[in-house]
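Only one structure is covered here, and it is reproduced in the block below.
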Amino acid sequence: MSFLSLNSLSKSFGGLKAVDNFSLELAEGSLNALVGPNGCGKSTLFNLITGSLTPDNGSVVFKGDNITGLSPHQIARLGVGRKFQVPAIFEELSVFENLIIAARKNRQSISLPALLNQIKLWREQNQLAGELAHGQKQWLEIGILLAQGPSLILLDEPTAGMTASETRETANLISMINRDQKITVLVIEHDIAFIEYLDCPLHVMSKGQILKSGSFSEIRNDDEVKELYFGRSQETPLMGSDIHA
Ligand code: ADP
Ligand code: MG
(Lines give C-alpha, C1' and ligand atoms only; values in the text may rest on other atoms or scores of the structure.)
(Ligands and ions follow the chains in the order given, each with its own letter.)
Protein backbone atom coordinates (compact mmCIF):
# COMPACT_ATOMS: atom_id res chain seq x y z
CA MET A 1 0.00 0.00 0.00
CA SER A 2 1.24 3.44 -0.86
CA PHE A 3 1.53 6.02 1.84
CA LEU A 4 0.03 8.67 -0.43
CA SER A 5 -1.76 7.87 -3.69
CA LEU A 6 -2.81 10.62 -6.04
CA ASN A 7 -5.18 8.98 -8.49
CA SER A 8 -6.04 10.72 -11.76
CA LEU A 9 -6.50 14.11 -10.11
CA SER A 10 -7.93 16.89 -12.27
CA LYS A 11 -8.79 20.50 -11.51
CA SER A 12 -9.86 23.17 -13.99
CA PHE A 13 -10.28 26.90 -13.52
CA GLY A 14 -12.68 28.03 -16.21
CA GLY A 15 -11.27 26.51 -19.37
CA LEU A 16 -7.79 26.01 -17.95
CA LYS A 17 -6.80 22.51 -16.85
CA ALA A 18 -4.43 23.40 -14.01
CA VAL A 19 -4.06 19.75 -12.93
CA ASP A 20 -4.82 17.19 -15.60
CA ASN A 21 -5.28 13.50 -14.78
CA PHE A 22 -2.31 13.56 -12.40
CA SER A 23 -1.23 10.33 -10.70
CA LEU A 24 1.65 9.74 -8.30
CA GLU A 25 2.42 7.23 -5.55
CA LEU A 26 4.63 8.12 -2.59
CA ALA A 27 6.15 5.41 -0.42
CA GLU A 28 6.22 5.83 3.35
CA GLY A 29 9.39 7.60 4.46
CA SER A 30 10.29 8.76 0.95
CA LEU A 31 11.58 12.15 -0.16
CA ASN A 32 10.44 13.37 -3.58
CA ALA A 33 10.76 16.66 -5.45
CA LEU A 34 8.32 18.18 -7.91
CA VAL A 35 9.61 20.73 -10.41
CA GLY A 36 8.15 22.47 -13.42
CA PRO A 37 7.67 25.88 -15.04
CA ASN A 38 5.60 28.57 -13.34
CA GLY A 39 1.90 27.94 -13.79
CA CYS A 40 2.22 24.22 -14.52
CA GLY A 41 -0.05 23.33 -11.59
CA LYS A 42 2.30 22.49 -8.69
CA SER A 43 0.66 24.62 -6.01
CA THR A 44 -2.80 23.60 -7.25
CA LEU A 45 -1.77 19.97 -6.79
CA PHE A 46 -0.80 20.75 -3.18
CA ASN A 47 -4.17 22.46 -2.70
CA LEU A 48 -5.90 19.28 -3.88
CA ILE A 49 -3.90 17.14 -1.43
CA THR A 50 -4.52 19.42 1.56
CA GLY A 51 -8.22 19.99 0.89
CA SER A 52 -7.89 23.69 0.04
CA LEU A 53 -9.40 22.74 -3.32
CA THR A 54 -11.67 19.82 -4.23
CA PRO A 55 -10.69 17.94 -7.40
CA ASP A 56 -13.10 17.79 -10.33
CA ASN A 57 -12.04 14.17 -10.76
CA GLY A 58 -9.79 11.67 -9.07
CA SER A 59 -8.94 10.85 -5.48
CA VAL A 60 -6.35 11.36 -2.76
CA VAL A 61 -5.71 8.29 -0.60
CA PHE A 62 -3.59 8.84 2.50
CA LYS A 63 -2.51 5.85 4.61
CA GLY A 64 -5.25 3.77 3.02
CA ASP A 65 -8.07 6.27 3.64
CA ASN A 66 -9.77 8.22 0.91
CA ILE A 67 -9.39 11.83 2.09
CA THR A 68 -10.78 13.48 -1.04
CA GLY A 69 -13.25 16.21 -0.12
CA LEU A 70 -12.24 16.46 3.56
CA SER A 71 -11.62 19.97 4.89
CA PRO A 72 -8.07 21.35 5.23
CA HIS A 73 -8.50 21.17 9.00
CA GLN A 74 -9.47 17.47 8.92
CA ILE A 75 -6.60 16.62 6.57
CA ALA A 76 -4.09 18.50 8.73
CA ARG A 77 -5.30 16.56 11.77
CA LEU A 78 -4.62 13.29 9.96
CA GLY A 79 -0.95 14.28 9.80
CA VAL A 80 -0.50 16.25 6.57
CA GLY A 81 1.54 19.43 7.10
CA ARG A 82 1.95 22.03 4.41
CA LYS A 83 4.35 24.90 4.06
CA PHE A 84 3.16 27.79 1.93
CA GLN A 85 5.29 29.98 -0.33
CA VAL A 86 4.73 32.89 2.08
CA PRO A 87 5.46 31.74 5.65
CA ALA A 88 2.39 31.42 7.89
CA ILE A 89 3.84 32.55 11.21
CA PHE A 90 2.63 34.86 13.99
CA GLU A 91 4.97 37.81 13.45
CA GLU A 92 4.00 39.55 16.69
CA LEU A 93 4.80 36.50 18.84
CA SER A 94 8.21 35.12 19.76
CA VAL A 95 9.79 32.15 18.01
CA PHE A 96 9.19 30.03 21.11
CA GLU A 97 5.54 31.09 21.38
CA ASN A 98 4.97 30.22 17.73
CA LEU A 99 6.24 26.70 18.40
CA ILE A 100 4.29 26.28 21.67
CA ILE A 101 1.03 27.15 19.92
CA ALA A 102 1.75 24.65 17.15
CA ALA A 103 2.76 21.93 19.63
CA ARG A 104 -0.65 22.20 21.35
CA LYS A 105 -2.19 20.67 18.23
CA ASN A 106 0.06 17.65 18.68
CA ARG A 107 -1.22 14.79 20.81
CA GLN A 108 2.32 13.53 21.37
CA SER A 109 4.78 15.56 23.40
CA ILE A 110 7.79 16.93 21.59
CA SER A 111 11.03 18.48 22.79
CA LEU A 112 10.97 22.17 21.92
CA PRO A 113 14.69 22.64 22.74
CA ALA A 114 15.52 19.85 20.27
CA LEU A 115 13.25 21.43 17.69
CA LEU A 116 14.79 24.90 18.20
CA ASN A 117 18.23 23.38 17.66
CA GLN A 118 17.11 21.49 14.61
CA ILE A 119 15.70 24.59 12.89
CA LYS A 120 18.75 26.63 14.01
CA LEU A 121 16.72 29.16 15.99
CA TRP A 122 17.93 28.32 19.50
CA ARG A 123 19.51 31.73 20.03
CA GLU A 124 16.53 33.53 18.51
CA GLN A 125 13.87 31.73 20.57
CA ASN A 126 12.80 34.90 22.43
CA GLN A 127 12.88 37.19 19.40
CA LEU A 128 9.70 38.28 17.71
CA ALA A 129 9.09 36.11 14.67
CA GLY A 130 8.51 39.25 12.60
CA GLU A 131 12.09 40.36 13.27
CA LEU A 132 13.73 37.20 11.93
CA ALA A 133 15.71 37.18 8.70
CA HIS A 134 13.87 35.88 5.64
CA GLY A 135 15.50 32.43 5.74
CA GLN A 136 14.90 32.09 9.47
CA LYS A 137 11.18 32.74 8.98
CA GLN A 138 11.06 29.84 6.55
CA TRP A 139 12.78 27.60 9.09
CA LEU A 140 10.37 28.71 11.79
CA GLU A 141 7.49 27.69 9.59
CA ILE A 142 9.08 24.29 9.08
CA GLY A 143 9.44 24.11 12.88
CA ILE A 144 5.75 24.96 13.28
CA LEU A 145 4.92 22.08 10.94
CA LEU A 146 7.16 19.67 12.84
CA ALA A 147 5.74 20.72 16.21
CA GLN A 148 2.35 19.47 15.03
CA GLY A 149 3.73 15.95 14.51
CA PRO A 150 2.96 15.34 10.83
CA SER A 151 3.74 12.08 9.00
CA LEU A 152 3.70 13.81 5.59
CA ILE A 153 4.95 17.30 4.83
CA LEU A 154 4.42 19.26 1.64
CA LEU A 155 6.84 22.13 1.07
CA ASP A 156 6.07 24.74 -1.58
CA GLU A 157 9.29 26.46 -2.68
CA PRO A 158 10.90 26.46 0.79
CA THR A 159 14.09 28.17 -0.41
CA ALA A 160 12.46 31.05 -2.34
CA GLY A 161 14.49 34.21 -1.77
CA MET A 162 17.21 32.47 0.26
CA THR A 163 20.95 32.97 -0.01
CA ALA A 164 23.07 30.08 -1.27
CA SER A 165 24.14 29.11 2.24
CA GLU A 166 20.58 29.31 3.59
CA THR A 167 19.48 27.12 0.67
CA ARG A 168 22.10 24.52 1.53
CA GLU A 169 21.13 24.55 5.21
CA THR A 170 17.49 24.14 4.24
CA ALA A 171 18.34 21.12 2.10
CA ASN A 172 20.21 19.66 5.10
CA LEU A 173 17.25 20.34 7.37
CA ILE A 174 14.80 18.65 5.00
CA SER A 175 17.10 15.63 4.51
CA MET A 176 17.42 15.30 8.28
CA ILE A 177 13.66 15.52 8.84
CA ASN A 178 13.13 12.80 6.27
CA ARG A 179 15.96 10.52 7.34
CA ASP A 180 15.90 10.86 11.13
CA GLN A 181 12.23 11.54 11.82
CA LYS A 182 11.00 9.25 9.04
CA ILE A 183 8.62 11.92 7.78
CA THR A 184 7.54 11.52 4.16
CA VAL A 185 8.32 14.70 2.20
CA LEU A 186 7.13 16.11 -1.12
CA VAL A 187 8.88 19.35 -2.02
CA ILE A 188 8.17 21.79 -4.84
CA GLU A 189 11.28 23.69 -5.82
CA HIS A 190 12.79 25.84 -8.53
CA ASP A 191 16.28 26.08 -7.12
CA ILE A 192 18.42 23.56 -8.93
CA ALA A 193 21.32 23.65 -6.49
CA PHE A 194 18.84 22.67 -3.84
CA ILE A 195 17.36 19.83 -5.87
CA GLU A 196 20.75 18.45 -6.76
CA TYR A 197 21.80 18.63 -3.15
CA LEU A 198 18.65 16.79 -1.97
CA ASP A 199 19.57 13.92 -4.29
CA CYS A 200 16.08 12.41 -4.41
CA PRO A 201 13.61 11.18 -7.07
CA LEU A 202 12.40 14.07 -9.19
CA HIS A 203 9.10 14.51 -11.01
CA VAL A 204 8.92 17.11 -13.75
CA MET A 205 5.47 18.60 -14.21
CA SER A 206 4.19 20.27 -17.36
CA LYS A 207 0.67 21.51 -18.06
CA GLY A 208 -0.85 19.74 -15.07
CA GLN A 209 0.77 16.36 -15.74
CA ILE A 210 3.99 14.51 -14.99
CA LEU A 211 6.27 14.75 -18.01
CA LYS A 212 9.15 12.69 -16.58
CA SER A 213 10.23 11.04 -13.35
CA GLY A 214 13.78 10.00 -12.54
CA SER A 215 16.96 10.85 -10.69
CA PHE A 216 18.51 14.30 -10.98
CA SER A 217 21.08 13.12 -13.52
CA GLU A 218 18.48 11.31 -15.63
CA ILE A 219 16.24 14.36 -15.69
CA ARG A 220 19.04 16.83 -16.34
CA ASN A 221 19.99 15.10 -19.56
CA ASP A 222 16.48 14.43 -20.80
CA ASP A 223 15.66 16.00 -24.18
CA GLU A 224 11.97 16.51 -23.42
CA VAL A 225 12.86 18.33 -20.21
CA LYS A 226 15.34 20.53 -22.07
CA GLU A 227 12.65 21.29 -24.60
CA LEU A 228 10.22 22.21 -21.81
CA TYR A 229 12.58 24.75 -20.29
CA PHE A 230 14.34 26.15 -23.32
CA GLY A 231 12.09 25.31 -26.25
CA ARG A 232 15.03 23.51 -27.85
CA SER A 233 17.14 20.55 -26.89
CA GLN A 234 20.76 21.57 -27.52
CA GLU A 235 21.38 23.24 -24.18
CA THR A 236 21.85 21.56 -20.86
CA PRO A 237 19.10 22.61 -18.48
CA LEU A 238 19.03 22.08 -14.75
CA MET A 239 22.62 23.20 -14.44
CA GLY A 240 23.89 26.18 -12.59
CA SER A 241 20.83 28.35 -13.09
CA ASP A 242 17.29 28.18 -11.96
CA ILE A 243 14.56 26.77 -14.10
CA HIS A 244 11.82 29.34 -14.05
CA ALA A 245 10.12 29.20 -17.40
P1 ADP B 1 2.56 26.64 -10.13
O2 ADP B 1 2.45 26.47 -8.64
O3 ADP B 1 3.10 25.44 -10.83
O4 ADP B 1 3.29 27.88 -10.53
P5 ADP B 1 -0.34 26.98 -9.97
O6 ADP B 1 -0.81 25.66 -9.50
O7 ADP B 1 -0.26 28.07 -8.98
O8 ADP B 1 1.07 26.79 -10.72
O9 ADP B 1 -1.27 27.47 -11.16
C10 ADP B 1 -1.59 26.64 -12.25
C11 ADP B 1 -2.51 27.42 -13.17
O12 ADP B 1 -3.79 27.56 -12.55
C13 ADP B 1 -2.04 28.83 -13.48
O14 ADP B 1 -2.39 29.13 -14.80
C15 ADP B 1 -2.81 29.67 -12.50
O16 ADP B 1 -3.00 30.98 -12.98
C17 ADP B 1 -4.13 28.93 -12.40
N18 ADP B 1 -4.77 29.05 -11.08
C19 ADP B 1 -4.25 28.64 -9.91
N20 ADP B 1 -5.10 28.86 -8.90
C21 ADP B 1 -6.20 29.44 -9.44
C22 ADP B 1 -7.46 29.91 -8.92
N23 ADP B 1 -7.75 29.81 -7.62
N24 ADP B 1 -8.33 30.46 -9.80
C25 ADP B 1 -8.05 30.53 -11.10
N26 ADP B 1 -6.90 30.11 -11.66
C27 ADP B 1 -5.98 29.57 -10.86
MG1 MG C 1 3.28 27.64 -7.08
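Counting convention: from 1, in listed order, for ligands and their atoms alike. Bear in mind the structure is a predicted one, so any value in this text is a computation, not a measurement.
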### Query
Taking all atoms of both residues into account, what is the closest heavy-atom pair of Arg82 and Ser43, and its distance?
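Closest approach of Arg82 to Ser43: NH2-O, 3.8 Å.
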### Query
Which of these, Gly36, Ser43, Gly39, has its nearest heavy atom closest to atom 4 (O) of ligand 1?
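Looking at heavy atoms only, the winner is Gly39.
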### Task
Within a distance under 4.0 Å of any heavy atom of Asn38, pick out the atoms of ligand 1 and give their elements.
4 (O)
### Distance filter under 4.0 Å to Thr44 heavy atoms, resulting ligand 1 atoms
5 (P), 6 (O), 9 (O), 10 (C), 19 (C)
### Message
Pairs of nitrogen or oxygen atoms closer than 3.5 Å, one from Cys40 and one from ligand 1: do any exist?
### Response
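N/O-N/O distance under 3.5 Å: yes.
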### Message
For ligand 1 and Phe13, I'd like to know whether there is a polar contact (N/O to N/O, distance under 3.5 Å).
### Response
no
### Query
Sequence neighbours excluded, which residues qualify as side-chain contact (heavy atoms from CB on, under 4.5 Å) partners of Gln181?
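Gln181: side-chain contact (heavy atoms from CB on, under 4.5 Å) contacts with Gln118, Leu146, Ile177, Ile183.
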### Partner residues of Pro72 under the side-chain contact (heavy atoms from CB on, under 4.5 Å) criterion, sequence neighbours left out
Ser52
#### Entry: Other residues, nucleotides, ligands: >12 heavy atoms within 6.0 Å of Lys212 NZ
yes
### Message
Taking the side chain as everything from C-beta on, heavy atoms only, tell me whether Met205 gets closer than 4.5 Å to Val35.
### Response
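No, their side chains stay 4.5 Å or more apart.
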## Note on the structure
Going by the 4.0 angstrom heavy-atom rule, the piece of Ile188 near ligand 1 is neither
#### Entry: Any donor-acceptor N or O pair under 3.5 Å, side chains Ser59, Asn7
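Judged by distance alone, the side chains do pair up.
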### Query
N/O/S of Ser43 less than 2.8 Å from the Mg ion (ligand 2)?
yes
